[in-house]
Amino acid sequence: MTRLRDRALLRDLTPSSRVGLLMVAATIAVTVLGPFLVPYDPVATNADNALAGASGAHWLGTDQYGRDILARTVAGGRYALLVSLCATAASVLIGTVLGTLAASSGRWVDAGVTRVLDAVLAVPSVLALLLVVSVFGNQLWVLVLAVSIVYAPAVARVVRGAARPVMTSGYVTSARARGERTIAIVVREVLPNILDTIFVEFAMRASWVILLVSTLSFLGFGVSPPAPDWGLMIQENRSALTVAPAGTLAPIVALSVLVVGVNLAADGLAKYLGVDRARRGVAR
Amino acid sequence: MIRVVLFRLGTGVITLLLASFLVYFVVQALPGDVAEQLLGQNATPEAVAALRAQLDLDTNVWLRFVQWLGGAATGDFGTSLVSGEPVAGALWGAFGRTLLIAVPAILLGVGLSVLLGLRAGARRGTGTDSGISVLALVAMSIPEFVIATLLVLVFAILVPVFPAVVLEGADATVGTLLSAAVLPCATLVISMSAYIIRAMRSATIDTLATEYATTAELKGVPRGQVLRRHVLPNALLPVLPVVSINVAWLLGGVVVVETVFNYPGLGKLMIDSVSTRDLPMLQAITLLSALVYVISNLLADLVALAVDPRQRALESRRRRPRAQAAEGSPA
Amino acid sequence: GAPPLTVPDVAATGRARSGARMRIARPAASAAETLDPASALSAYEYLGALYNRVVRLDRDGEVVADLATDWSSNADATVWTFRLRDGVRFHDGAPLTARDVRYTFGHISDPDVGSPQAGPLAIVEEVVAVDTLTVRFVLSTPNAEFPSLLTAYQCYVIPEDSAETIGRTGIGTGPFVLERFTAAGAGAVRANDDHFAGRPALDGIDFFSIQDATARVNALLAGQVDLLAQTNLDNPTARVVAGSAGTTVARIANAQWYTMPMLATSEEYADPDVRRAMRLVYDPTAVLDTALQGEGSPGWDNPVPPHLSAWTEVERPYDPDEARSLLRRAGREGFSTRLYTSSYDPNFTAIATAYAEQAAQAGIDLRITNVAAESYYTQVWMAQPLMVSYWFTGRPVDQLLNQIFRSGSSYNESAWANESFDALLDAARADTNDDTRREKYRDAQRMIVEDGACLTPVFGDRLVGLSEEVVGYDEYGFEMDYLALGLRGNA
Amino acid sequence: MTGGSIAEVRGLTISYRAGSDRVTVVDDVSFSLARGRTLGLVGESGSGKSTLARTLLGHLRDGSRVDAGTVEVSGGDVFSSTPEDLRRLRGGEVSLVAQNAGHALTPSMRIGAQVAEALRVHGLPSGGRRVRELLELVRLPEPDRIARRYPHELSGGQQQRVAIAMAVSTEPKVLVLDEPTTALDVITQAAVLRLVDDLRDRLGMAVLIVSHDLGVVSALADDVLVLRHGRVVEQAPTARILTAPEADYTRALLAAAPRLDAELVPREKAGDDVVLRCHDVDVRYPGQSRRAVAGFGVEMRRGETVGIVGESGSGKSTVAAALAGLIDAEAGTASLRIDDGAVHDLLGRARSRPAVVRRAVQLIFQNADLALNPRRTVGDAVARPLAVFGRASGRAARRARVAELFDEVGLDPAMARRVPAQLSGGQRQRIGIARALAAEPSVLIADEITTALDVSVQAEVLALLERLRRTRDLACLFISHDLAVVRGVADRIVVMRHGVVVESAPSARLFEDPRHPYTRALLAAAVEPGRTGLPLREDEYRDAPPDPSAPMVEVATGHLVRETEGSPL
Ligand SMILES: Nc1ncnc2c1ncn2[C@@H]1O[C@H](COP(=O)(O)OP(=O)(O)OP(=O)(O)O)[C@@H](O)[C@H]1O
Ligand SMILES: Nc1ncnc2c1ncn2[C@@H]1O[C@H](COP(=O)(O)OP(=O)(O)OP(=O)(O)O)[C@@H](O)[C@H]1O
Ligand SMILES: [Mg+2]
Ligand SMILES: [Mg+2]
């Protein structure tokens, strides 16, 4: 149970999760360093060199505006990664607060919080996202907010589920017998014991958020063109899949590598921390 | 048992009310109203004013909400601000067509993934297991719009066996929809199965490790029978919430799939209604989706009760809800 | 780069086979769309098939006969008289009379209808049905270009007293008769054997609504439809369509008129020098090349499309250095602002990007800001200082200038107000001499390029996807050539 | 000797993989099982008993393998038989009754179906008649009704009987019982042991019974094999093991086992100083119709240990929780007198109690694993009450005090930096005690603190508790379901059943002269090493739940008995 602390994480991970971590690390490294490696500006157009095939100069060719596809693919993960990171962090944070609040409060507060969360969950997530984005526009913080609204209730439910058995455990009971305040109990006794659940939740949500953000871009509610973004690139280029396949396939491959990587890593983390991830199903 | 259902229905109604209130609240905050959205570039102030008066948009919004709620309780969802037709007609039509792709997708997806998951779990560590697990992993890592796009490319354009889009919209007959439903349905099956397969695999592994599965094996029960009679029913339990979440997702928001295939279902209706700010339509869609959510959760509970005699006892003896079973669940 | 896109300049000609039905996919306006031509929400593709106008525009932008056979005005162009074609019948069998025309224009001016053409036609004081086939328009101010105002697609003639039902029945005099229609859904028309200009080549047309542009293209590629209406293919997609077996691309030259209105009432662009700098700073041919891959013609900030006879070449230099010094003088050197775009049209963002790249060379920092398509024309248009917008070409020059550039017009998207420009337009309208009037319109174009608040970087060709079976496809003056449109004959 | 050898284990060595090493769990073990005889397998937890027992069915846990030796049943080597032969062996020739019947029955299948399945897969007639016959054989009441039930609808004892019925249904040659009674209370345990003994005689099986409880083994087994760290320590007929053990380990095991007839430690008389007194306390869990505890009363003096015994669910923990302020009492009075002589009410929730009261009453929990936060060091756990109750201010002072407390409970202060997972069960329980002591309480409530421990560790913890009581002059409420354990520590014993006190007497008196039928049944059912032969003549103890409104009769000084209908006091 205390494994995070007393063993070297990397050594104990399964080979597949090591591959996963590697994939994530590689994606992040390429995304961050990529612009220094690829000598083209991802948004610079070049009318003379539109829709060029793969060549020594443009390894993956160019798109209809003559932009280098490799440069765009390499830079295209930045936004997805940033939004996913922020949005996942925000939803896990909000979800944890709500979940522990519900678990540590009396029946009525618990029931109230649960109902409201359920109501938010009952609204189709795409609808919720579209509404929020339509109201506030598609700036980064809005997307983060929108994704958090959709995912925080789900996280809260999981956290509540993890926190409830802890609330009845001997050490919480004994803290209560000492007359400690609820906040102190949550922070000192409960949180450390659901951290593994929260970590896994974070890793798992991250993979969904990446998919969700790309779906939003695809539906035209995400990143604004001409910014490079995988979802947007797929959307922009998909109808030309047969004449300029690289423009669509490169972002698909990049996106899938990242998501597969996050999934593998999350699986490994879950196994390592003893939280069952596959059971969690999906909330999109 | 009946009390449980009634209690669930009660909380379900609260959920429905809260959900439609939330959506109403947000839609109120949307910039622009239906008149402006409809007119777009033609939106001269006079035209907007005329349309607004025609749509009766200037009465109090909250009053409209209360009236709407009253109507909804009797099955009357009002008239669409955009088409001027009763909401109910368009709503049920779209819902029915969504069901046409969703129900086969659910049956096929759930059935297939339960079997595959069971198989992978039972053969843990073998090639079968790795094969199934890798496929599931890849399927859940590719966004569904990519899956849909590839399916269209292959099965509608390169090898034209199925139509790429539904042409007739809401007028499409069941006959034309049937062949048009194949690709959307396949997309849904692929993107939904991955999660259920994984859940089922992990539940199977856990159940196989239980003492009763071992006991059955040490009783001399053949392997296949152990899986079928002792493992399957019990492994299904933790998978049920995953299934119900997926079902709710499927029925509530197949937006992407319906957009790609121009499929005239609930998801497409939803997107259109958001962009036109068709409040009564959005409200009705929300209510319906929330209803599906509530019902699919309820169904999952009932199936769990049917599969697990322990929960039956728990439910009838104490009012302690099946908290534990549900908590581990997603979303 | 890739080899240039080769697209035939006109669609295939050839003998159409008889008894064919064509399938056309179109984006639906919304579930509120109607067959009432006057309405702002009309189902645009149906109109040309179902109705006729009094007069229409030909390919060169000249007013030609449609329901009217000839027309004339009094000396100061305040009274216009049209003589209608004899023997024309509506689809329900009723004969066309002057009363129908009078009713149609009364309907357009009805404030409850909210017709976009009501504004331009406000100068009509009275419509008189002189006799069965003669109709007279009495104007409040002289207008030598009045007939061109009747070519708008809101001006299709509907039967008398049909306002209540026309949105559903679609009864007109056009080459096709309505079979069925669903708002935002599918519909169909069949050939009108009784049409005054002869029976159309097709037996019928099925219309389908497909909102998502890619889905529309997929439907074409999968052979589910024959033609994509209102769909401007982007360059790579056009290549796919052109390269796929069974489908091809037709070009409608200069069909899309792209503009970048600078709100003249805004702090940023109130200063004519700044507006001038914004023009000098870019080379429209470069925008054309990068944003539209050369498919179109450069605009050089003259909003009149080059194929109109009133068009004139206005010399406007490309001079970033001059732009820089103008800005310096205005104290706005290196200024930074937002340039709004949207996915409303696939080329907006490309044009914005191409323009912003050039502007950057003169030190102007334009931050491209994307806005959701639904709220673009309600939240940004005529509200934000700088954006990309577009119109369909096909307006006669008088209407174009009056509707979009006259001060106070509800479509004046840059809110530009120039008294001498307005006076010039009035003078042109009052000038019954064709030559001198045309000269005045040329002066007006020069004035816009000198002082105006709209950038007109390019006119874009529309690349239309269609099946190789389609023959006789052509589109101008806001309607398809429904008579010639057909599917290839067997031989 | 009733018959020849049926199963032979020779030189068996089993290891499993842990990381890159292999750990040996069974090391060169040999024994044989003979028809009609019972072999007892004893040893501490983790000594490899279950591993060994299951090899008779050809079963190994994942990752384990046989390094050397053979297991033969009826002359055939089980580990080299074909899968189909193995399947026939399992349940056919060798049957297993697993440790916890509650877990060993498939929850989604009816009892009858599970029994029938055991028959069917071995090609035996599996009709309803045969199933009923089997259920009757294990003396289940109303076998037809039971057959239609699901496992959770049976009590633990009934579940164990079903498991046995299933195991013997095919009339196997060998019956393996893995701790068949560990999860049962004494009375049920006694009945199950009887049943096994009868069946062995009737069906002429060889029986292998695994237990960590010497008492169980000595009640049933003809021979005993003592296992430690996977090795055989000693193997001999039961009587010899019990009377003349050869190995030191066996001797220690025997010495550590609590005895019902042990000499009572002579204690200095507890003072008259009553610290805690409660009367007629009723407790009800929210939303329950039945009271979990009804009319409970007890008086505790300084330096006195009061034991509470009773079967599972009798309300022992509920009493502890109520006194500790974790649950509201519905009725009754309870008062606490602290050192300064002030008297406080003791029925409110902890949060509403003054700090002095919270400090004065300290609870030690049943399950040490769950009572310590796995994510915090045990030093933290002990330091926390110091901080909350202001017993030591400042980090250094606290650390010093923690070290003292560790010392007091017999732990190395250096362990303070460890987390609970790095301690053994016994050590964890000591931490629990240290944490309670940190508050410097006047009343200590110990709820089944030794239940999860091996006998030898249990003996050490009990000794520690006894020492603390003496040195600190604590009043201690000691809860256990094991009479023998309570006897060793308590001055006075309260017997509870169904939430009601049925008898209360000084320890010595209770054992000499038990009056209530339930107390007698408890005593009769107890097994202990050396008590060979089977306990409790009656099949199973049953009576009506006690009536809380019936009066308590004082039959001797300090000896109170609940009046019961039809049974003389
Ligand atoms: N495959 C395996 N993987 C990991 N550990 C194993 C494996 N097989 C056995 N062990 C370990 O071997 C030891 C012996 O286990 P076994 O269950 O036989 O003990 P036991 O004497 O029955 O204990 P208990 O009294 O607790 O039931 C334990 O420490 C167990 O954890
Ligand atoms: N949280 C609870 N909610 C409802 N009922 C409870 C709760 N905890 C215990 N009970 C019930 O109260 C009764 C007494 O339980 P208690 O835990 O006090 O028994 P116990 O004697 O300590 O048993 P054990 O020996 O198993 O620990 C039982 O019938 C039990 O089912
Ligand atoms: Mg064991
Ligand atoms: Mg207890």
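Since we're looking at a predicted model, the values are computed, not measured. Convention: sequence-line order gives letters A, B, ...; per-chain numbering from 1.
For the residue pair I142(B) and S256(A), the shortest heavy atom distance occurs at CG1-OG, 3.6 Å. Among all heavy-atom pairs drawn from M140(B) and V259(A), the shortest one is O-CG1, 4.2 Å. Among all heavy-atom pairs drawn from L18(B) and A119(A), the shortest one is CB-CB, 3.4 Å. The nearest pair of heavy atoms linking S141(B) to N263(A) is OG-ND2, 3.4 Å.
Proximity to chain B involves both the backbone and the side chain of L127(A), based on heavy atoms less than 4.5 angstrom apart. Residue I157(B) does not touch chain A at all, counting heavy-atom pairs closer than 4.5 Å. Heavy atoms of T11(B) lying under 4.5 Å from chain A belong to its backbone as well as its side chain. For a residue to count as touching a neighbouring chain, one of its non-hydrogen atoms must lie under 4.5 Å from one of that chain's; by this rule V116(A) touches chain B with backbone and side chain alike.
The shortest distance between side-chain heavy atoms of Y293(B) and D118(A) falls below 4.5 Å. Taking 4.5 Å as the limit, some side-chain heavy atom of P143(B) sits within range of a side-chain heavy atom of L255(A). At a threshold of 4.5 Å between non-hydrogen side-chain atoms, the residues F145(B) and S214(A) count as touching.
For R124(B), the CZ atom is loosely surrounded, since the number of other residues' heavy atoms within 6.0 Å does not exceed 12.
In this structure, the separation between OG1 on T15(B) and CG on L121(A) is 9.5 Å, given to the nearest 0.5 Å.
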